[in-house]
There are 2 protein chains.
Amino acid sequence: MTKRLNSSLKPIEDVFSFWDVMTPDERNFIQNTYTVQHYRKNEVIQMEGDIPTHLMVLASGKVKVYKTGFGNHPQIVRMLKPGENFGYRAIIANEPNSTTVTAFEASSVYMISGEIFLSILRHNNAFCYRFLEEMSFDLAESDARTVNLTQKHIRGRLAESLLFLKENYGVEEDGATISIYLSREDLANLSNMTTSNAIRTLASFVNDEMIAMDGRKLKIIDEERLRKTSKLG
Amino acid sequence: MTKRLNSSLKPIEDVFSFWDVMTPDERNFIQNTYTVQHYRKNEVIQMEGDIPTHLMVLASGKVKVYKTGFGNHPQIVRMLKPGENFGYRAIIANEPNSTTVTAFEASSVYMISGEIFLSILRHNNAFCYRFLEEMSFDLAESDARTVNLTQKHIRGRLAESLLFLKENYGVEEDGATISIYLSREDLANLSNMTTSNAIRTLASFVNDEMIAMDGRKLKIIDEERLRKTSKLG
DNA sequence: GTAAATTTGTGCTGTAAAACATTGTTTTCA
DNA sequence: TGAAAACAATGTTTTACAGCACAAATTTAC
């Protein structure tokens, strides 16, 4: 089984989206030094406060990036899908990790040494620019999240999260069921509310016929209205 | 008077902190093409939604960077002091501005053409890397702000803001008065609360002898306790 | 295959903070 | 210099949401 998982893993040159701007030498170097790590559901991949060692590329699975605030209350700040990079911000800033990363489901991660990463950044301008671009998107998203979470009311925040999940992870073959199954608690930590309120508000959305639920499967049935709810509360 | 202001303005090579990583050619090019803009108190420098045209460097004064949320309620996401760059994120991301920038007080800004900026980013690796570094700090700050604003209670948020203002802008000769005079409204927009609550909470801090007030002059007299309040509410 | 643990669902209560209203105070500018 | 506007202060009311307790359902573990 494990073998099968490994053999079915997409090779790093297909997963790491900045492969195309690297030189043959750089590619070789990474090919010869990268490692793969497999994580089980709920396993911690990176810990807040630890010294970062690797640029990581999610090969398969889904992970959450979160900060632990006062009273151990986590706030999810990013959710990644295969092909996305993480762990590199702290390397560039030369700081301890500012976030914890945990696997939502069984996930595989390509690990590229931080020193090699920095060295490529410092020698390959196109590579550096691509990361700059990526960060400039992430920064806008982060600022937008700040405003969403502080200014929207509970219904607006949850609606926003559901739409984000749909956009980010897509839907099943039925065209409506969001392709990620989160616990109510994770949904709450994404939307800055208590678990009870996530449950309650989901129920109210079902009642309003904006979504349908089957356990953790959430189906968006009136996206229009959900979008309105996200905007106006 | 205006002449005096102009003549007392620090030259761009002293203000723009990435000058040292530029080539002589690049420096020349910027020297020959940059412009200076002066803004009066409360004047808008950059507008949310507009197409970005220039990398801007604050030469003198103080400015706020904010997003306008639902119900026209602004959330300040950054406050700049001389030497800091702004307006460049949207250029890199090739998006409309995601924030509005307004002068707190009379400010002067060096304007560097977006095309020239992009061209240097694409040819000068050290220059590109410095911006990458800057963004990696900003991104961590933005995520931290999200957690602060969503999880801390009103006293904690205001205390946090006061400490930030002191760290960012420093203090007057008395060693205690914060060197920026904000309206209660701006303080509220920085701390995600209503103006009345900013006023009330400030008064309560005075009562608790953590700060002293004289109009807009805020003096931190018990930083220890203010820090504790910021952490624990 | 049953116990234990985790997750989900619901109701109730208290409260932090928004919203609103009013008045006093300072700035701005014809 | 006097009216208007902006800002600061404070009291009152309303409400959105957290916190808690508990029950039911589902998952995990042995």
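A, B, ... follow the sequence lines: proteins, then strands. Residue 1 opens every chain. Computed from heavy atoms alone, side chains included, the values below leave out hydrogens, waters and symmetry copies.
To the nearest angstrom, C1' of dT8(C) lies 18 Å from CZ of F205(A). Atom CG in L182(B) sits about 16 Å away from atom C1' in dA6(D), given to the nearest Å. Taking atom CG on L202(B) and atom P on dC7(D), their separation rounds to 16 Å, with Å as the unit. Counting to the nearest Å, the P atom of dC7(D) and the CZ atom of F104(B) are 12 Å from each other. Between the CD atom of E185(A) and the P atom of dT27(D) there is a distance of 16 Å, given to the nearest Å. Distance I199(B) CD1 to dT23(C) C1': 13 Å, rounded to the nearest Å. If you measure from atom CZ of R184(B) to atom C1' of dT10(D), you get 14 Å, rounded to the nearest angstrom. Rounding to whole angstrom units, CG of residue L158(A) and P of dC17(D) are separated by 11 Å.
For the side chain to side chain contact (heavy atoms under 4.5 Å, CB included) with R157(B), the qualifying choice from T229(B), T201(B), N192(B) is N192(B), the only one to do so.
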Write out a two-atom table: protein N or O, nucleotide N or O from nucleotides 15-19 of chain C, distance below 3.5 Å.
{"from": "dA17(C)", "atom 1": "OP1", "to": "I154(B)", "atom 2": "N", "distance (Å)": "2.9"}
{"from": "dA18(C)", "atom 1": "OP2", "to": "T194(B)", "atom 2": "OG1", "distance (Å)": "3.4"}
{"from": "dA18(C)", "atom 1": "OP2", "to": "N197(B)", "atom 2": "ND2", "distance (Å)": "2.3"}

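Legend: residues meeting side chain to side chain donor-acceptor pair (under 3.5 Å) with R78(A), ordered by chain and number and at least two apart, are D143(B).
Looking at K81(A), its side chain never comes within 3.5 Å of a backbone N or O of K62(A) through a donor-acceptor pair.
Within 6.0 Å of CG in N94(B) there are 12 or fewer heavy atoms belonging to other residues, nucleotides or ligands.
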List the steps, then state whether salt bridge (Lys or Arg N to Asp or Glu O under 4.0 Å) holds for D222(A) with R225(A). CA-CA 6 Å; D222(A) 191 345; R225(A) 212 137 68 79; 3.4 Å; yes
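With respect to E160(A) and K231(A), no salt bridge is recorded, no charged nitrogen being found less than 4.0 Å from a carboxylate O.
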